[in-house]
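One structure below.
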Amino acid sequence: MLGALIFGLLITPAFAQSLPYHSDPSAREILPSLTPIPAIRFLTTADFPPFNFRDATGELIGFNVDLAKRICAEANVACTIQAWPWEQAASALADSQGDALIAGLAMTEENGALFDFSSIYLALPGRFVTRAPDIGTFDADALAGQTVSVRGGSTHEAFLTRYLPDVTIARFDSEIAALEAVEDGAADAFFGDAMRASFWLNENLTCCGFAGEPYFRPNLFGEGLAIAVPAGHDSVRHAIDWALVKLKDSGALDELYLRWFPVGFY
């Protein structure tokens, strides 16, 4: 049953959305770093809304930008945030032009040789999308014989092939095209990256919506978003991890998520 694959979610009573606790529960008891750091120089990019981008006035804003500021405030250290082109950001961190990179750097084996990573601050599940009238009756275990659209060659296609072999898979060149197939009636449902789907749904609220539960499969969809620091810079990483736990416990991390993702993807 697909239900066995679903990662348990923490429901926060104060909010309408389901908000998971990403931090390692055992990390809740960690203490502030005994090695003081005067500041954290965050690096990011300016081309990936709503995470990091420039507004009409040229100010750098976004979920990652706000999170970096909250981390510094929680750790009680000075904070700077500098935008770099994506193709140069990791090299800038490796060259000690910053203390931490908050821009979605993948936790690959290659990057792991150069950088250490904080705990996950935002997981990236896979989700189904259907037309609005079908959301209430959606059942992932009853999709046999129905058409599900995906981005061709994606890990989400691999998930369907493995766990739902009886569905008809409609492959598209992009998530947008696959989602539009649901809107047009060419597919019964879409399955793919929930975060990217949420951006599209934000512009198509009357058409479609998430159906069923989120699927957390780190081995397929990635572990999620974490903050990179140069390898061995444990005091900075420790301060960031401690701040992330405090921000989650206080509700501040949930507040940022709800502010920047009005169509929640959990």
Side-chain angles (χ1 to χ4, degrees), residues 17 19 22-23 37-108 111 114-124 193-203 222-230 233 235-248 250-266:
Q17 296 182 27
L19 301 169
H22 299 309
S23 300
I37 54 174
I40 300 178
R41 299 172 298 158
F42 276 102
L43 306 180
T44 189
T45 66
D47 56 359
F48 191 38
F51 287 96
N52 19 266
F53 64 106
R54 296 193 185 278
D55 64 12
T57 68
E59 181 181 0
L60 189 63
I61 62 172
F63 176 87
N64 281 341
V65 176
D66 282 352
L67 179 57
K69 293 176 180 177
R70 291 289 188 97
I71 288 171
C72 290
E74 195 66 50
N76 195 28
V77 299
C79 191
T80 62
I81 306 172
Q82 187 178 37
W84 283 73
W86 169 249
E87 63 274 10
Q88 300 176 22
S91 295
L93 181 65
D95 291 341
S96 298
Q97 298 191 58
D99 302 307
L101 175 61
I102 184 167
L105 186 69
M107 291 183 282
T108 62
N111 286 333
L114 297 173
F115 310 112
D116 293 329
F117 289 88
S118 73
S119 59
I120 303 298
Y121 65 86
L122 200 65
L124 302 175
D193 180 76
M195 180 188 70
R196 294 183 183 276
S198 74
F199 301 157
W200 184 84
L201 288 173
N202 195 50
E203 304 296 327
E223 295 184 49
L225 301 183
I227 299 167
V229 302
H233 288 210
S235 58
V236 174
R237 181 177 54 81
H238 186 104
I240 290 172
D241 279 343
W242 181 82
L244 286 173
V245 171
K246 300 294 287 184
L247 290 172
K248 178 59 186 180
S250 70
L253 188 58
D254 294 343
E255 175 192 335
L256 290 180
Y257 169 78
L258 293 168
R259 177 191 305 171
W260 287 104
F261 301 98
V263 178
F265 47 87
Y266 296 114

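We count residues from 1, following the sequence as given. These figures come from a predicted structure and were not determined experimentally.
Among residues two or more places apart in sequence or in another chain, the side chain to side chain contact (heavy atoms under 4.5 Å, CB included) test is passed with Ala194 by Pro125, Arg127, Phe210, Phe265. Residues passing the side-chain hydrogen bond (donor to acceptor under 3.5 Å, both in side chains) test with Ser96: none are found, sequence neighbours excluded. In this view, Arg259 and Asp66, Glu255 satisfy the salt bridge (Lys or Arg N to Asp or Glu O under 4.0 Å) rule, not counting sequence neighbours.
When side chains are defined from C-beta on, Asp241 does not count as touching Ile227, because their heavy atoms never get closer than 4.5 Å. Counting heavy atoms from C-beta outward, Leu122 and Leu253 have side chains that stay 4.5 Å or more apart. Put simply, the side chain of Trp242 reaches to within 4.5 Å of the side chain of Glu74, judged on heavy atoms. Here the side chains of Phe51 and Thr44 are not in contact, with every heavy-atom distance at 4.5 Å or above.
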Residue pair Lys69, Leu256: steps toward the side-chain contact (heavy atoms from CB on, under 4.5 Å) verdict: CA-CA 11 Å; Lys69 293 176 180 177; Leu256 290 180; over 6 Å; no
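Minimum heavy-atom separation, Val229 to Ala100: CG1-CB, 4.0 Å. Contact record, Ala123 with Tyr266: O-OH, 2.9 Å, taken as the closest heavy-atom pair. The two atoms that bring Pro230 and Phe115 nearest to each other are CA-CD2, 4.1 Å, heavy atoms only. Nearest heavy atom pair, residue Phe53 against residue Pro50, reads CE2-CA, 3.7 Å. The minimum heavy-atom distance between Phe117 and Ala228, with the atom names listed, is CE2-CB, 3.7 Å.
Listed for the Asn111 side chain is a donor-acceptor partner under 3.5 Å among the backbone atoms of Ala106.
We find the CG-NE2 distance between Asp116 and His238 to be 14.0 Å, quoted to the nearest 0.5 Å. Here the straight-line distance linking atom CG of Leu124 with atom CG of Leu225 works out to 4.5 Å at 0.5 Å rounding. Here CZ of Arg237 is found 9.5 Å from OG of Ser119. Values are rounded to the nearest 0.5 Å. Taken from CD1 in Ile102 to CG in Leu67, the straight-line distance is 4.5 Å, to the nearest 0.5 Å. In this structure, the separation between CD1 on Ile240 and SG on Cys72 is 8.0 Å, given to the nearest 0.5 Å.
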Pairs of donor and acceptor atoms involving the side chains of residues 55-65, under 3.5 Å and at least two apart or interchain, shall be tabulated with distances.
unit_1: Asp55; atom_1: OD1; unit_2: Thr57; atom_2: N; d: 2.9
unit_1: Asp55; atom_1: OD1; unit_2: Thr57; atom_2: OG1; d: 2.7
unit_1: Asp55; atom_1: OD1; unit_2: Gly58; atom_2: N; d: 3.1
unit_1: Asp55; atom_1: OD1; unit_2: Glu59; atom_2: N; d: 2.9
unit_1: Asp55; atom_1: OD2; unit_2: Thr57; atom_2: OG1; d: 3.4
unit_1: Asn64; atom_1: OD1; unit_2: Tyr121; atom_2: OH; d: 2.8
unit_1: Asn64; atom_1: ND2; unit_2: Asn52; atom_2: OD1; d: 2.7

Can you list, pair by pair, the side-chain donor-acceptor contacts under 3.5 Å of residues 76-95, counting residues two or more places apart and other chains?
unit_1: Gln82; atom_1: OE1; unit_2: Trp84; atom_2: NE1; d: 3.1

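The salt bridge (charged side-chain N to carboxylate O under 4.0 Å, His left out) pairs that include a residue from residues 38-47 are Arg41-Asp99, where partners are two or more places apart or lie in different chains.
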